[in-house]
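First up is the structure itself, then whatever we jot down about it.
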Amino acid sequence: MISLNLQHSYADIANDRLVDIRHSSWWLKSPFGAPQMIAQFGDSEPIVIDFEIRLPSGEMLTAARNSQLLEDIYYLLCLQTHPLVNGRRKPDIPIYKDRLRRALQLTDYFLLNAEALRLEDHGLRSIIGTDLKSLLVKIASRNAIVSSIYQWEERLASYIKEESKNICDSDYKKALEREPALRTLHVPPTDFSLKGLTDEDILRGRAALYLSGMYNPTPDKKPYRLSINTRKISEIIYANTLLGKILRKSIPEELCLEPFDKYLQEHIAVPVTTGGLQDSISEQHFSSYKNTLISFKLLSEVGIGIPEKSFDDFGAYRLYDAIQLKEPGRFQTVPPDYVINSLKNAISFFYTHAEHLLESYVNVLKAAKAADTPIQKFATENSILPFLANDTRILGVKYWSLRWQMTVVENGNKKKKSKRSSENYYKRMRDDKQGLMELVHALYGAMQFIVGLLMAARNGELTDLPLDCLDETESWLRLLTRKSGYGDLRRLDERPVPLVAVDVIKTIQKLHFRLNKEGLGTGTNLFDTPSIRGGFFKSYTYYNLCLDIFHDYINAPLTRDGRRYYIRQHQLRRAFAMLFFVCCAFAGMDTLRWFLRQVDPEQVYNYLSEFIPGAVLRTMKSVAVALMARDGRSECRSLNEFLNDKFKVPAFEIIDDKSFHTYVNYLENLQAEGSVEIQPVFLNVGTETDCKLGIIVWGDNDDI
């Protein structure tokens, strides 16, 4: 009898909670469980969520067989505005909408993986703790939800691959005849956003998209004539999702057609691998999704949705735990001497040529405006020599754009390409210095290289830099730190900036000031790229274009197999960390962490150990411990006793260079043979994590 009463009481509590959830959904304007959910928050336009989607078996989510799954999803969504989730204080409407949006995105993840999760057999009851942690790993791995939960780039690449296989040769030929721009790839394979695709896949896939009506004229301020319609493609790729079809998504530049400036490299590039911790989400953003998942447990407690047991140990799961499970990214390490030599060339090029090249650039634009003629037409019909600064003329400049001159003017607009013409182009660009815009782009590449290396910023942080990025003293750089928040809510940090980088920034500011004064097109960000059509573009591809032209202009050394390092910003950030660490070893770890704006010292160490060879790392550890021993640090007591027989004197008395280096070499050998282990130990102290060097000395009996 007591058991029956308890069971009855539990059922009443569960029912009361579910009724309360339904009644508290004040924004729901359609019946609970309807095929279409209509949500309206305040006076804004209603949001319509269509549940008429197909599951892997082909059945509709709204079919009678799936009624429990549909009801569970409704409860998950309605729960997000309930006081159990929001507390007593009523949030603002945008917060309610954000919570509903996150719940929809998490639901989409379950639907996209419905077959693996066996949703049609057991509904949300089939989801176990490992599934939830796998979801968090995906969320942690990328800084954009369309890339993590929806895997936009991977799914788009699969779609392109399939389309490239399905298009027949006659249709492929027909597409090329209709749109000649489909013939040309302007992004090198090393910079493809879509991984696992060959040049042929991209070319044939683009043709298939074109014939299917998937290309539109590109919006203003984008450096291409045509680009894909992501909304149309999403309706195919994400047909079985609630929100995936309408989310805004990035457009891979290798799928765009007819760039305003050509993107070329003189030599095959040393491969660049992207991924790793660089792209991970911010702690704040990660926590918001984790908390939304945890809110689902409120339904689990009354027997709805995901089993309650699946949430065991879930609350303590941190961003770093998720990142640790992520497959680590590997980057090609650029040799330090290559980086330093490029920096030397960049600084020399900047101080020698920046002033007169930018003066000439403004003068030609000003002349075209006075003639009321588009710049390319003006430069084609008129010599630009009268408008060039004297030093620019002496350098050899003859044309506004050498590539335009060679492919359009001299070639009769046939735009033919050959290895021979490419070799001739680089001779005329580098040796004869005939093209003004090529030199301006090379200058921008040099300036990006200088600031990028010396400030060790992330790529997005540099492209987001506003023109007024210096503080009042012009000695500190203001950056919106990635992974510290979302959008404009990111943390504004200031870091000391070297004088040469200040000179670069002030030079670009001066350029935009003069362009604005003359009524010419200006950019909004520091490293927006000048276009041969006038004006500026903000684009990762164009940012990389300038770096590549700079490396080709300085004729950067080639590897043994004839490749060239076309350095990317994440490699410069790592190069800074490596050079700093080589100079300061473990003593400078906190300073390096502060400058990189990297919160976790363990991440910094993992970041460094990925590309510093083991022998070099052993040397650094040995030097750090030798200094600690010489200073009489207590951590080295056991080590000093172990080494006393070798040196016959306490370590703190080893002060001359010769004996000190002998001590260091001996420590290296002990590490190599396993007699001594030196590893950083990361200690949680309150909300901070501290780094200490731990020293383990193994005796004859393998005792510590």
Side-chain angles (χ1 to χ4, degrees), residues 3 6-22 24-25 28 32-35 37 49-82 84-85 99-100 102-139 149-150 240-244 289-317 322 325:
S3 174
L6 287 174
Q7 187 176 6
H8 179 70
S9 176
Y10 176 81
D12 286 343
I13 292 171
N15 185 63
D16 288 346
R17 177 174 290 186
L18 297 178
V19 169
D20 193 34
I21 289 171
R22 292 198 300 269
S24 66
S25 303
L28 184 61
F32 185 92
M37 171 186 275
I49 306 299
D50 189 1
F51 291 98
E52 294 277 4
I53 59 174
R54 293 194 182 278
L55 297 174
S57 67
E59 277 196 344
M60 305 299 291
L61 175 58
T62 52
R65 178 174 178 265
N66 300 311
S67 59
Q68 186 60 58
L69 175 59
L70 177 60
E71 183 178 278
D72 286 357
I73 292 172
Y74 254 90
Y75 276 119
L76 292 182
L77 301 178
C78 291
L79 176 67
Q80 300 312 306
T81 56
H82 192 276
L84 285 170
V85 173
R99 287 176 177 165
L100 179 62
R102 284 195 294 270
L104 282 165
Q105 290 168 348
L106 294 171
T107 303
D108 273 351
Y109 174 82
F110 300 143
L111 292 171
L112 284 168
N113 296 278
E115 189 169 6
L117 296 175
R118 301 184 66 187
L119 291 191
E120 290 186 87
D121 296 328
H122 307 291
L124 298 179
R125 304 294 297 170
S126 64
I127 296 174
I128 61 176
T130 303
D131 299 325
L132 296 181
K133 288 184 177 179
S134 296
L135 168 54
L136 287 183
V137 169
K138 283 186 168 59
I139 292 173
I149 286 180
Y150 293 92
N240 64 331
T241 65
L242 305 177
L243 202 62
Y289 280 89
K290 187 185 83 169
N291 291 337
T292 300
L293 271 178
I294 290 174
S295 76
F296 295 173
K297 187 179 179 183
L298 294 167
L299 294 173
S300 307
E301 293 170 354
V302 294
I304 293 292
I306 300 170
E308 190 172 0
K309 185 174 175 57
S310 300
F311 292 93
D312 289 352
D313 303 323
F314 195 71
Y317 202 62
L325 293 177

Keeping the roles fixed (side chain from [X], backbone from [Y]), state whether a donor-acceptor pair exists under 3.5 Å.
| X | Y | value |
| --- | --- | --- |
| Arg125 | Gly305 | yes |
| Arg102 | Asn291 | no |
| Gln68 | Gly123 | no |

Taking C-beta and beyond as the side chain, do [X] and [Y] meet within less than 4.5 Å on heavy atoms?
| X | Y | value |
| --- | --- | --- |
| Leu100 | Thr81 | no |
| Asn240 | Leu55 | no |
| Leu299 | Leu124 | no |
| Met37 | Leu28 | yes |
| Val19 | Arg22 | yes |
| Leu76 | Leu106 | no |
| Thr241 | Ile53 | no |
| Ile73 | Phe51 | yes |

With rounding to the nearest 0.5 angstrom, report the [atom1] to [atom2] distance, [X] to [Y].
| X | Y | atom1 | atom2 | answer |
| --- | --- | --- | --- | --- |
| Arg17 | Leu79 | CZ | CG | 8.5 Å |
| His82 | Leu298 | NE2 | CG | 9.0 Å |
| Asp20 | Cys78 | CG | SG | 11.5 Å |
| Leu77 | Leu104 | CG | CG | 5.0 Å |
| Leu18 | Tyr74 | CG | OH | 15.5 Å |
| Leu69 | His122 | CG | NE2 | 12.5 Å |

Just to verify, what does Glu308 make a salt bridge (Lys or Arg N to Asp or Glu O under 4.0 Å) with, not counting sequence neighbours? none
Contacts of type salt bridge (Lys or Arg N to Asp or Glu O under 4.0 Å), residue Arg118, not counting sequence neighbours: Asp121
Yes or no on side chain to side chain contact (heavy atoms under 4.5 Å, CB included) for Tyr150 and Leu243, after CA distance, side-chain angles and deciding distance? CA-CA 10 Å; Tyr150 293 92; Leu243 202 62; 3.8 Å; yes
Please report the shortest heavy-atom distance between [X] and [Y], naming the atom on each side.
| X | Y | result |
| --- | --- | --- |
| Phe110 | Leu119 | O-CD1, 3.3 Å |
| Ile127 | Pro307 | O-CD, 3.4 Å |
| Ser25 | Ile21 | OG-O, 2.9 Å |

Derivation and outcome, side chain to side chain contact (heavy atoms under 4.5 Å, CB included), residues Asp131 and Ile306: CA-CA 11 Å; Asp131 299 325; Ile306 300 170; over 6 Å; no
Can you confirm whether or not the ring centre of Phe296 sits under 6.0 Å from the ring centre of Phe311? no
Can you list the steps and then say if Ser295 with Gln80 is a side chain to side chain donor-acceptor pair (under 3.5 Å)? CA-CA 8 Å; Ser295 76; Gln80 300 312 306; 3.2 Å; yes
What verdict does the side chain to side chain contact (heavy atoms under 4.5 Å, CB included) test give for Arg54 and Met60, after you've listed the backbone C-alpha separation in whole Å, the side-chain angles of each residue and the deciding distance to 0.1 Å? CA-CA 4 Å; Arg54 293 194 182 278; Met60 305 299 291; 3.5 Å; yes
Where do Ile139 and Lys290 land on the side chain to side chain contact (heavy atoms under 4.5 Å, CB included) test, with the steps shown first? CA-CA 9 Å; Ile139 292 173; Lys290 187 185 83 169; over 6 Å; no
